[in-house]
Amino acid sequence: MKPVIFGLSGPVLTPDEAAFFREADPLGYILFGRNCVDRGQMRALTDSLRALSGRDDVPILIDQEGGRVARMAPPEWPAFPAGPAFDALYDVAPSSAIEAARANGQALALMLAEVGVNVNCAPLLDVRQPETTPAVGGRTFGSDPMRVAALGRAMLDGMARGGVVGVVKHMPGHGRGVVDSHYELPVVDADDAALERDIEPFRTLNNAPMGMTCHVVFTAWDAENPATLSPTVIRDVIRGRIGFDGLLMTDDIDMKALSGTAGDKAAQAIAAGCDVALDCWARMHEMEEIAGQLGDAPPETLARLDRAMASVRPAPGEIAELVAKREALLALA
């Protein structure tokens with residue numbers, strides 16, 4: 001099994017993709033809007049990925065945070081709120097905000113599980129700062145680390161109850177980034193003491209099953225490399241100070257914050273200590289290059305994967321009832 005998660009080009013597997021994936025045996029797959037047409041189509045697609053891999057629990061990921069980051073969109077699927085809605089409720093009723101986030105996470109997970117998606121790239125644990133790029137700031141649970149952790153834990157718990165594994169992001173924190181890493185490389189010059197605030201939610205939730213790195217340079221820790229490609233940040237900060245021992249994936253290696261070829265970026269991330277490289281755009285020549293440069297996933301990566309996929313705790317719930325509960329609670333804000 002190659003330590004990489006690949007995207008797909010459209011609503012069905014193409015013959016070329018099926019042949020390549022069968023040979024490369026990637027750890028998992030990620031879906032985007034181009035892959036999400038309706039319930040029947042998505043279920044057929046995810047079933048085909050499970051059949052192709054021969055693994056019933058093959059990770060099939062999506063970014064379904066709520067708000068503007070939603071690959072499964074109306075009118076086929078309901079809209080879900082983003083982090084700031086729960087942050088606002090927390091101002092007036094913290095326990096209600098936590099319960100709303102938990103109900104939201106479970107409803108979201110039930111919607112994903114219905115179409116065969118078993119991993120959601122959420123919640124954000126980034127701590128918002130006044131200067132945070134809107135690409136991140138408009139999605140966060142707020143500017144207080146304790147609040148971010150409490151709401152993030154509730155969302156993780158809710159998703160686990162709905163049968164979906166959560167991914168905490170963006171480790172060790174994108175909150176001080178003032179530019180969008182989709183387009184350029186953020187450089188954070190805050191000192192080590194200030195960065196303690198950024199890593200606090202991740203440390204609180206260091207038992208999360210999966211995590212995602214950020215493409216951000218932290219000069220206090222490694223002035224040369226973004227976190228995704230930094231052995232120092234991954235070993236000393238994410239694995240060390242934060243204490244995270246879950247499955248660690250990169251953010252999309254195609255983002256413009258990183259430079260180099262697709263294969264080089266994937267190989268550098270794995271060499272730095274990431275368990276899995278995430279490559280989202282289904283460009284066959286790039287996927288072939290990545291597969292050619294990566295060896296098989298080592299035993300510790302496979303063990304982390306197994307623990308993560310076994311971490312869900314399905315509980316009874318109906319999407320409509322959970323959404324109604326969330327809406328009633330959010331109305332208190």
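Remember, predicted model here, so these are calculated numbers, not experimental data.
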Original post:
For the side chain of Thr14 and the backbone of Glu17, is there at least one donor-acceptor N/O pair under 3.5 Å apart?
Top reply: yes
**OP:** Give a yes or no answer on whether the side chain of Arg39 reaches the backbone of Glu76 with a donor-acceptor pair at less than 3.5 Å.
**Re:** yes
Subject >> Exam field: side chain Arg71 to backbone Arg34, donor-acceptor pair closer than 3.5 Å >> reply: no
Original post:
In chain order, what residues pass the side-chain hydrogen bond (donor to acceptor under 3.5 Å, both in side chains) check against Asp251, with sequence neighbours excluded?
Top reply: none
Original post:
Would a distance-only check, ignoring hydrogens and angles, find a side-chain to backbone donor-acceptor pair under 3.5 Å from Glu65 to Gly83?
Top reply: no
Original post:
When Leu8 is tested against each of Ile30, Ile60, Leu45 for side-chain contact (heavy atoms from CB on, under 4.5 Å), which residue passes?
Top reply: Leu45
Original post:
With distance as the sole test, does Ser230 use its side chain to make a donor-acceptor pair with the main-chain N or O of Asn225 at under 3.5 Å?
Top reply: no
Subject >> Donor-acceptor contact below 3.5 Å, side chain Gln41 vs main chain Pro11 >> reply: yes
**OP:** Keeping the roles fixed (side chain from Arg176, backbone from Ala194), state whether a donor-acceptor pair exists under 3.5 Å.
**Re:** yes
**OP:** Please confirm whether the backbone N or O of Ala291 pairs with a side-chain atom of Lys2, one donor and one acceptor, at under 3.5 Å?
**Re:** yes
**OP:** Taking Arg50 for its side chain and Gly116 for its backbone only, find out whether a donor-acceptor pair lies under 3.5 Å.
**Re:** yes
Original post:
What heavy-atom pair brings Leu330 and Pro81 nearest, and what distance separates the two atoms?
Top reply: CD1-CG, 4.1 Å
Original post:
Just checking, Arg128 and Phe141: is the charged tip under 6.0 Å from the six-membered ring centre and within 45° of the axis?
Top reply: no
Subject >> Non-hydrogen atoms of Val217 and Asp222 that approach each other most closely >> reply: CG1-O, 3.6 Å
Original post:
Which atom names give the shortest non-hydrogen contact between Leu89 and Ala100, and what distance separates them?
Top reply: CD2-CB, 4.1 Å
Original post:
Is the Phe6 ring parallel, tilted or perpendicular to the Phe20 ring (thresholds 30°, 60°)?
Top reply: tilted
Original post:
Any idea how His174 and His170 line up, ring-wise: parallel (<30°), tilted (30 to 60°), or perpendicular (>60°)?
Top reply: perpendicular
Original post:
What pair of heavy atoms forms the shortest contact from Ile5 to Tyr29, and how long is it?
Top reply: CG2-C, 3.5 Å
Subject >> Exercise: identify the closest heavy-atom pair between Ala79 and Arg326 >> reply: O-NH2, 4.2 Å
Original post:
Closest heavy-atom contact between Met309 and Pro59?
Top reply: SD-CG, 4.0 Å
